[in-house]
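These notes concern the structure reproduced below.
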Amino acid sequence: MTHSTTRGAGRGTTRRAAIGTLAAAALLGTAGFAHAAFPDKPIRIVVPWPAGGLVDLPARLVGEKLQAALGQQVLVDNKTGAGGAIGADAVAKAAPDGYTLLVTTSAMSINQALGIKQPFDPIKDFEPVAIFATAPLILVTTPGKGVNSVADLIAKARKAPGNLTYASAGNGTPAHLAAEWFKATQDIDVVHVPYRGAPPAMLDQVAGRVDFHFSNAAVGLPQIAAGKVTPLAIASPKRLEQLPKVPTMIEAGVKDFDTEQWIGLLAPKGTPPELVKRLNELVRDAITAPDVRAAMSRAGIVPATPTSPEAFGGVVRADLDKWTKVVKTADIKLD
């Protein structure tokens, strides 16, 4: 009897343990990420910049590919304001379930480096998912100014301290920081003329009202092709495919000069690793599609080589270190 009771109890215990294990597995599947169930509603990609801009284009290109692959609607939401902080904050505070994502740039790192208060931490409050592309800056001037190289520009600035002007897309933008970094490292005195965006800065460059500026490639390439501005150097580690004869700033003699920005996909902190991995794989497929790469290249954006979420996280951290160093080296302070 005692033996029989013990065996029965053993079977009961085993049965209860098995049921408990199944229940726990089901609970984990519900709380975590069920591959078969995702997505069962539209996905929102927040772009904290205006429609049609540098960040919006790759977000829409990749969004279309995700929609086709997942069979669920992918909506791009241009939630602008506060230098990209409003849209980014909305994603940082969203549920970490894969349905609200962020496509942004190095702007988060730049703002942090400048000491601008943001309602989130660019490292601690997001999960890096995948890098889409990089956005290079091109140092340009106007034909007829007697400047045909970076060396010419430096020599001209040194001969007339305080006389040369440079444009930027606004205070605290990559174009502003790039020029201040250039100014500090080359010991030249040039005057900043900020504009409200890259297009108006380029208009005055074409008109010759400013001497030079670091233009984003999307705005600069059409004017270069039209012969309205002269490219002096690429402010990235590699030359641009569209301008193979134009040297990088490093090749032109400006040591360690790299102002390249990343454009990529981030998710709220706490998004399950398996979901981050799946989204990364989907982005990998999207950015290796020939039509996506061609469209990015036409817009002056350099398609990224696919990489892991962990590697992209390393890029984000290195980028913050870089811009923090630039701000310190150039002693940049916003009014």
Side-chain angles (χ1 to χ4, degrees), residues 53-54 135-261 298-302 326 329-332 335:
L54 180 72
L137 293 177
I138 307 171
L139 175 58
V140 299
T141 187
T142 308
K145 287 191 175 287
V147 174
N148 297 303
S149 67
V150 175
D152 287 349
L153 179 60
I154 294 170
K156 187 173 182 178
R158 287 176 178 166
K159 285 180 182 178
N163 283 1
L164 268 61
T165 57
Y166 76 86
S168 82
N171 285 312
T173 60
H176 174 211
L177 270 65
E180 287 297 309
W181 189 10
F182 179 52
K183 173 181 173 181
T185 58
Q186 302 310 302
D187 193 26
I188 56 176
D189 181 10
V190 291
V191 179
H192 181 208
V193 183
Y195 291 81
R196 291 187 176 182
M202 180 56 78
L203 283 175
D204 269 11
Q205 183 71 73
V206 169
R209 285 187 280 268
V210 291
D211 293 293
F212 70 95
H213 81 284
F214 287 87
S215 169
N216 72 57
V219 172
L221 285 173
Q223 303 302 330
I224 293 168
K228 294 181 178 180
V229 296
T230 301
L232 302 179
I234 311 301
S236 296
K238 296 180 181 179
R239 294 191 182 196
L240 267 183
E241 179 183 315
Q242 298 91 329
L243 301 171
K245 295 182 180 179
V246 178
T248 66
M249 290 288 285
I250 296 170
E251 289 173 333
V254 183
K255 187 180 178 181
D256 299 329
F257 200 92
D258 169 20
T259 62
E260 191 170 68
Q261 300 178 72
R298 285 194 300 271
I301 301 166
V302 180
V326 169
T329 298
D331 193 25
I332 300 171
D335 296 333

(request) Check A198 against A169 and note the closest heavy-atom contact, atom names and distance. (result) N-CB, 3.5 Å
(message) Tell me the closest heavy-atom pair linking L243 and P231, and the distance in Å.
(response) CD1-CB, 4.4 Å
(message) So, using salt bridge (Lys or Arg N to Asp or Glu O under 4.0 Å) as the criterion, who are the partners of D187 when residues are at least two apart?
(response) none
(message) If the condition is side chain to side chain contact (heavy atoms under 4.5 Å, CB included), which residues does P200 pass it with, not counting sequence neighbours?
(response) Y195
(message) Taking salt bridge (Lys or Arg N to Asp or Glu O under 4.0 Å) as the definition, give me every residue that meets it alongside R239, ordered by chain and number, with sequence neighbours left out.
(response) E251
(message) Can you give me the closest heavy-atom contact between G300 and A217, atom names plus distance?
(response) O-CB, 3.3 Å
(request) Could you tell me which non-hydrogen atom of P143 sits nearest to which non-hydrogen atom of G227, and how far apart they are? (result) CG-O, 3.7 Å
(message) Strictly by salt bridge (charged side-chain N to carboxylate O under 4.0 Å, His left out), give each pair with a member in residues 199-227 just once, sequence neighbours left out.
(response) K145-D211, D204-R209
(message) Distance check, rounded to the nearest 0.5 Å: T329 atom OG1 versus K183 atom NZ?
(response) 14.5 Å
(message) Which residues pass the side chain to side chain contact (heavy atoms under 4.5 Å, CB included) test with A299, not counting sequence neighbours?
(response) L57, I301
(message) If only side-chain N and O atoms count, and only distance matters, is there a donor-acceptor pair under 3.5 Å linking S215 with Q205?
(response) no
(request) Could you list the residues that satisfy side chain to side chain contact (heavy atoms under 4.5 Å, CB included) with A178, not counting sequence neighbours? (result) L137, F214, F257, T259
(request) Not counting sequence neighbours, which residues clear side chain to side chain contact (heavy atoms under 4.5 Å, CB included) with V150? List them please. (result) L139, I154, F182, L232, A233, M249, A252, V254
(request) Would you list the pairs meeting salt bridge (charged side-chain N to carboxylate O under 4.0 Å, His left out) in which at least one residue belongs to residues 212-235, sequence neighbours left out? (result) none
(message) Do D189 and N163 have side chains that approach each other closer than 4.5 Å (heavy atoms only, starting at C-beta)?
(response) no
(message) Give me each pair satisfying salt bridge (charged side-chain N to carboxylate O under 4.0 Å, His left out) with a member in residues 148-175, each pair once, sequence neighbours excluded.
(response) none
(request) Measure the CD1-OG1 distance between I234 and T248 for me, rounded to the nearest 0.5 Å. (result) 8.5 Å
(request) For the pair N216 and I138, evaluate side-chain contact (heavy atoms from CB on, under 4.5 Å) and give the outcome as yes or no after the intermediate values. (result) CA-CA 6 Å; N216 72 57; I138 307 171; over 6 Å; no
(message) Quick one, L153 and T141 - any side-chain contact, counting heavy atoms below 4.5 Å?
(response) no
(request) Decide yes or no for P237 and I250: does some side-chain heavy atom of the first lie under 4.5 Å from some side-chain heavy atom of the second? (result) no
(message) Measuring from atom OG1 of T173 to atom CZ of R196, what distance do you get when rounded to the nearest 0.5 angstrom?
(response) 14.0 Å
(request) Hey, could you give me each pair passing ring-ring contact (aromatic ring centres under 6.0 Å, His included) that has a residue in residues 144-172? Not counting sequence neighbours. (result) Y166-H192, Y166-F212
(message) Any side-chain to backbone donor/acceptor pair from S168 onto G170? Under 3.5 Å, distance only.
(response) yes
(request) If a pair satisfies ring-ring contact (aromatic ring centres under 6.0 Å, His included) and one of its residues is in residues 225-244, list it, with sequence neighbours excluded. (result) none
(message) Test: ring-ring contact (aromatic ring centres under 6.0 Å, His included). Region: residues 136-159. Which pairs qualify, not counting sequence neighbours?
(response) none
(request) For A157 and V190, work out which heavy atoms get closest and say how close. (result) CB-CG1, 4.1 Å
(message) Can you confirm whether I332 sits close enough to H176 that some side-chain heavy atom of one is under 4.5 Å from a side-chain heavy atom of the other?
(response) yes
(request) Mind listing the closest non-hydrogen atom pair of M202 and V140 along with its distance? (result) CE-CG2, 4.4 Å
(message) With a 4.5 Å cut-off on side-chain heavy atoms, are L164 and V191 touching?
(response) no
